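Written out below as C-alpha cells is the structure these notes cover.
Note that the coordinates shown come from a computational prediction; the quantities given were computed from them, not determined experimentally.
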Amino acid sequence: MTTDATTPGPQDAPGLDTTRYRFTSDRADVDRATVHRWLSERSYWARGRTRAVQDAAIDGSLCFGVLERATGRQVAFARVVTDGAAFAWLCDVFVDEAERGNGIGTALVAGTVAHLEAMDLPRVVLATADAHGLYQRFGFAPVEPGTYMALLRTPGASPDDPAAPPPDA
C-alpha cells in the first residue's frame with residue numbers, strides 16, 4: 001500500500017494488534033478465494049454469489065483487509081463502492097469466525113472509515129442486520145424510514161417477473 005496525504009496508513013486502524021496483524025487498503029493483498037468462500041458460503045447477504053461476480057466487485061471497489069503478519073493470511077475484509085466525490089457504500093464486511101472477538105472487526109471498520117474521511121465524502125451508507133452497535137461507534141445512524149429505496153433484482157431474471165426473488169448480493 002502506498003501512503004500519501006489522502007491515503008491513511010496502517011496506523012489508522014486503531015485498536016489493531018499491529019504486532020500480529022496489519023491493516024491494508026491495497027486491492028492486491030486481497031485473498032480472492034478466501035473472500036469468495038466467506039461471502040458465498042458464510043454470509044447472510046451474499047450467499048451463492050459466484051466467483052466471477054465477487055472478482056468483478058473487488059475490481060470495481062476500494063478494498064480493505066486485515067492480514068496476519070506472520071503468514072499473510074487474510075482474517076478480515078471490507079469493500080467500498082464509491083464515486084470518490086459524493087457517495088460511498090460500505091459493504092461485504094466480514095471477519096473470519098476464528099478471529100472474531102479480537103477487535104479485528106472494529107479495527108477494520110476504523111481503518112476503512114479513516115480512509116473515507118480523508119476522501120471528505122458527504123454521504124457513506126451501509127446495510128446491516130446484526131452489527132448496528134459496531135457501526136454506531138463510528139457515527140453511522142439509522143436513516144429516516146422511507147428515505148432510501150432500493151431496486152432489487154435477480155441477475156438474469158426477467159424484470160417483469162414478480163416471482164423472481166431479490167438477490168442476496
Side-chain angles (χ1 to χ4, degrees), residues 1-32 34-36 38-39 42-46 49 53-69 72-97 99-151 169:
M1 173 185 78
T2 304
T3 302
D4 60 27
T6 61
T7 308
Q11 69 279 7
D12 292 309
L16 187 65
D17 177 355
T18 57
T19 61
R20 185 169 175 202
Y21 303 104
R22 74 178 177 90
F23 173 81
T24 180
S25 62
D26 188 341
R27 185 181 301 116
D29 287 335
V30 175
D31 179 338
R32 290 171 181 248
T34 295
V35 168
H36 176 252
W38 286 341
L39 298 178
R42 299 181 189 164
S43 75
Y44 63 83
W45 64 90
R49 183 182 289 171
V53 167
Q54 185 59 50
D55 283 345
I58 288 170
D59 291 338
S61 302
L62 300 176
C63 295
F64 303 89
V66 176
L67 307 176
E68 204 172 50
R69 280 194 183 277
R73 181 177 70 91
Q74 183 137 19
V75 299
F77 173 78
R79 72 183 180 92
V80 174
V81 180
T82 183
D83 59 16
F87 178 82
W89 170 39
L90 173 59
C91 56
D92 288 348
V93 178
F94 194 93
V95 177
D96 188 312
E97 291 93 339
E99 301 291 336
R100 292 179 187 170
N102 295 324
I104 292 170
T106 300
L108 175 65
V109 173
T112 303
V113 168
H115 187 99
L116 297 174
E117 285 174 347
M119 295 173 71
D120 200 28
L121 300 165
R123 179 162 297 145
V124 179
V125 299
L126 62 82
T128 185
D130 58 2
H132 297 82
L134 169 64
Y135 298 113
Q136 286 171 337
R137 285 186 256 164
F138 296 97
F140 288 92
V143 295
E144 183 179 327
T147 303
Y148 285 90
M149 297 175 69
L151 174 61

For a side-chain contact (heavy atoms from CB on, under 4.5 Å) check, start with the C-alpha distance between Arg20 and Arg69, then their side-chain angles and the critical distance, and finish with the verdict. CA-CA 5 Å; Arg20 185 169 175 202; Arg69 280 194 183 277; over 6 Å; no
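- In terms of heavy atoms, Val95 sits closest to Ala76 at CG2-CB, 4.0 Å.
- Screening Leu67, Thr34, Val66, Asp96 for a side-chain contact (heavy atoms from CB on, under 4.5 Å) involving Arg73 leaves a single residue, Asp96.
- At a threshold of 4.0 Å, the pair Asp59-Arg79 does not count as salt-bridged, since none of the basic side-chain nitrogens sits closer than that to a carboxylate oxygen.
- Between Arg123 and Asp83 there is no salt bridge, since none of the side-chain N atoms of the basic residue sits less than 4.0 Å from a carboxylate O of the acidic one.
- Counting heavy atoms of neighbouring residues, nucleotides and ligands inside a 6.0 Å radius, atom CD of Glu97 exceeds 12 of them.
- Of all the heavy atoms in Leu16 and Phe23, the pair that sits closest is CD2-N, 3.6 Å.
- At distances below 3.5 Å, not a single donor-acceptor pair connects side-chain atoms of Thr147 with backbone N or O atoms of Val143.
- Residues Cys91 and Leu126 have side chains not in contact (no heavy-atom distance under 4.5 Å, counting atoms from C-beta outward).
- Here Thr82 contributes atom OG1 and Leu90 contributes atom CG; the two are 11.0 Å apart, rounded to the nearest 0.5 Å.
- No side-chain donor-acceptor contact under 3.5 Å links Tyr148 to the backbone of Val125.
- Residues Ala85 and Pro122 share a closest heavy-atom pair of O-CD, 3.5 Å.
- Using modelled atom types, one side-chain atom of His36 and one backbone atom of Arg49 make a donor-acceptor pair closer than 3.5 Å.
- We find the CZ-CD1 distance between Arg27 and Ile58 to be 9.0 Å, quoted to the nearest 0.5 Å.
- Expressed to the nearest 0.5 Å, how far CG of Asp92 lies from OG of Ser61 amounts to 8.0 Å.
- When all heavy atoms of Val75 and Trp38 are compared, the pair lying nearest together is C-CH2, 3.5 Å.
- Closest approach of Gln74 to Asp31, counting heavy atoms only: OE1-N, 2.7 Å.
- Between the side chains of Thr24 and Asp26, no donor N or O sits under 3.5 Å from an acceptor N or O.
- Between Met119 and Leu62 there is a side-chain heavy-atom pair separated by less than 4.5 Å.
- Summarising the geometry, atom OH belonging to Tyr135 is positioned 10.0 Å from atom OG1 belonging to Thr106; distances are rounded to the nearest 0.5 Å.
- Between Arg22 and Asp29, at least one side-chain N (NZ, or NE/NH1/NH2) sits under 4.0 Å from a carboxylate O, which counts as a salt bridge.
- A cation-pi geometry, defined here as NZ or CZ lying under 6.0 Å from the six-membered ring centre and within 45° of its normal, does not hold between Arg42 and Phe77.
- In this structure, Gln54 and Arg32 have side chains that are not in contact, with every pair of non-hydrogen atoms separated by 4.5 Å or more.
- Looking at every heavy atom in both residues, Ala78 comes nearest to Leu108 through CB-CD2, 4.0 Å.
- Phe64 pairs in a side-chain contact (heavy atoms from CB on, under 4.5 Å) with only one of the listed residues (Val109, Val93, Val80, Val30), which is Val80.
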